Number of protein chains: 2
Amino acid sequence: MPNKIDEVDFTLLRLLRKNSRMSLTEMAKDLGVTVPAIKYRIQKLEQNGIIKKYSAIIDYEKLGYGIIAFVGINIDPMKRKQIMEKILELDEIIELYEITGEYDVMAKIVTKDIHSLREFLTFKLGGVEGVTRTYTMIIVKEFDIDDRRNKQWKSMK
Amino acid sequence: MPNKIDEVDFTLLRLLRKNSRMSLTEMAKDLGVTVPAIKYRIQKLEQNGIIKKYSAIIDYEKLGYGIIAFVGINIDPMKRKQIMEKILELDEIIELYEITGEYDVMAKIVTKDIHSLREFLTFKLGGVEGVTRTYTMIIVKEFDIDDRRNKQWKSMK
DNA sequence: GTTGAAAGAACCGCTCT
DNA sequence: AGAGCGGTTCTTTCAAC
């Protein structure tokens with residue numbers, strides 16, 4: 001589907017990953033092409049879905065969430081659909097994946113503190129019918145992965 | 001540290017999470033305040049670190065990465081620092097965390113296909129001295145968590 | 001992919017409460 | 001301190017090439 005992604009597109013993606021509020025003018029200057037050319041390329045990347053969205057990355061800890069964690073979840077496979085719908089409604093969950101391996105589902109969650117974590121695990125998540133087990137991995141430190149990715153992208157074309 | 005985050009700020013964060021390229025004008029219209037007020041609030045949120053950055057969210061699959069996975073990693077605790085530095089250099093890793101529980105480190109990775117996954121696990125990650133075990137959880141499906149978060153945020157103030 | 005002109009948005013100093 | 005107003009500057013948009 002991708003209409004051929006070239007070096008300029010990869011650089012564009014790198015810039016937008018680094019700062020999605022960067023102006024077209026600045027990108028154009030950085031890349032040595034004109035503003036409309038940048039606009040056209042970005043539109044293409046948006047249309048073919050390579051750029052999913054532009055988002056502000058929030059520091060949940062500074063917002064008052066003391067606990068950020070991964071929670072591996074096992075579920076009754078016969079009730080998968082209903083369970084996932086229920087889980088998606090839980091406010092604490094900020095990311096959700098179906099995965100292979102020891103857990104069926106992986107969630108990334110935020111809670112105010114240890115007590116609200118317990119409440120979440122015991123009553124909210126644990127209360128969903130068909131959830132058979134949860135395993136909590138509290139994030140102690142998050143590393144910043146800046147760009148770098150561009151190198152790899154280049155080698156893939 | 002937060003200079004009191006109010007409802008308007010939470011809504012602002014929700015809007016910026018949904019689309020970080022939204023113009024100040026549009027946010028001002030949505031929130032019923034003036035553009036300078038929005039600008040002032042956003043600056044505060046950036047300065048106190050609640051907004052970490054603005055980023056384009058990439059669809060790695062559409063970019064040609066067939067495999068997206070979590071990898072739980074166990075390491076020799078005596079060599080933690082050097083190991084983390086080495087791991088951070090690996091291009092396949094797009095997110096990296098230190099966590100509690102069964103694994104010491106959790107990585108989110110992307111590779112082109114199963115073969116490059118094997119190569120990554122065996123030689124690149126597995127080749128880092130002090131990495132004692134890896135456990136791969138391939139992401140089969142990713143769910144979209146839109147806003148909703150705003151509700152929870154409101155209840156926290 | 002470029003140019004140029006018109007519309008629109010962001011920025012700055014000033015004002016008001 | 002926080003919010004509004006208006007004029008200048010910069011950015012985006014969209015035509016035609």
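First the proteins, then the strands, lettered A, B, ... as listed; each starts at 1. Owing to the predicted nature of the structure, the values given are computational and were not obtained by experimental measurement.
- Listed by chain and number, the residues in a salt bridge (charged side-chain N to carboxylate O under 4.0 Å, His left out) with A/D59 are A/K62 (sequence neighbours excluded).
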Check: protein-nucleotides 13-17 of chain D nitrogen or oxygen pairs below 3.5 Å:
| from | atom 1 | to | atom 2 | distance (Å) |
| --- | --- | --- | --- | --- |
| D/dT13 | OP2 | A/K39 | NZ | 2.8 |

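- For the salt bridge (charged side-chain N to carboxylate O under 4.0 Å, His left out) condition, no pair includes a residue of residues 26-38 of chain B, sequence neighbours left out.
- The rotation axes computed at either terminus of the helix from C/dG1-D/dC17 to C/dT17-D/dA1 lie 30° apart, taking five pairs at each end and rounding to 10 degrees.
- Annotation: ring pair (Phe, Tyr, Trp, His ring centres under 6.0 Å) contacts of A/Y97 (sequence neighbours excluded): B/F70.
- Among residue pairs with one or both ends in residues 17-36 of chain B, none qualify as ring-ring contact (aromatic ring centres under 6.0 Å, His included); sequence neighbours excluded.
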Please set out all donor-acceptor pairs under 3.5 angstrom arising from side-chain atoms of residues 79-88 of chain A, sequence neighbours excluded.
| from | atom 1 | to | atom 2 | distance (Å) |
| --- | --- | --- | --- | --- |
| A/K79 | NZ | A/E129 | OE2 | 3.1 |
| A/R80 | NH1 | A/E98 | OE2 | 2.7 |

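- Interface limits on DNA chain C: the 5'-most and 3'-most nucleotides within less than 4.0 Å of chain B heavy atoms are C/dA9 to C/dC11.
- With sequence neighbours left out, A/E95 forms a salt bridge (charged side-chain N to carboxylate O under 4.0 Å, His left out) with A/K108.
- Of all the heavy atoms in A/L96 and A/I93, the pair that sits closest is CB-CG2, 4.2 Å.
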Please output the side-chain donor-acceptor pairs of residues 131-143 of chain B that fall under 3.5 Å, not counting sequence neighbours, one pair per line with the distance.
| from | atom 1 | to | atom 2 | distance (Å) |
| --- | --- | --- | --- | --- |
| B/T132 | OG1 | B/N74 | O | 3.1 |
| B/R133 | NH1 | B/N74 | OD1 | 3.2 |
| B/Y135 | OH | A/E102 | N | 2.8 |

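- With sequence neighbours excluded, the residues forming a side-chain hydrogen bond (donor to acceptor under 3.5 Å, both in side chains) with B/E46 are B/Y54, listed by chain and number.
- The side-chain hydrogen bond (donor to acceptor under 3.5 Å, both in side chains) test applied to B/K53 returns no partner, not counting sequence neighbours.
- Looking at heavy-atom distances under 4.0 Å, A/Y40 makes no contact with the nucleic acid at all.
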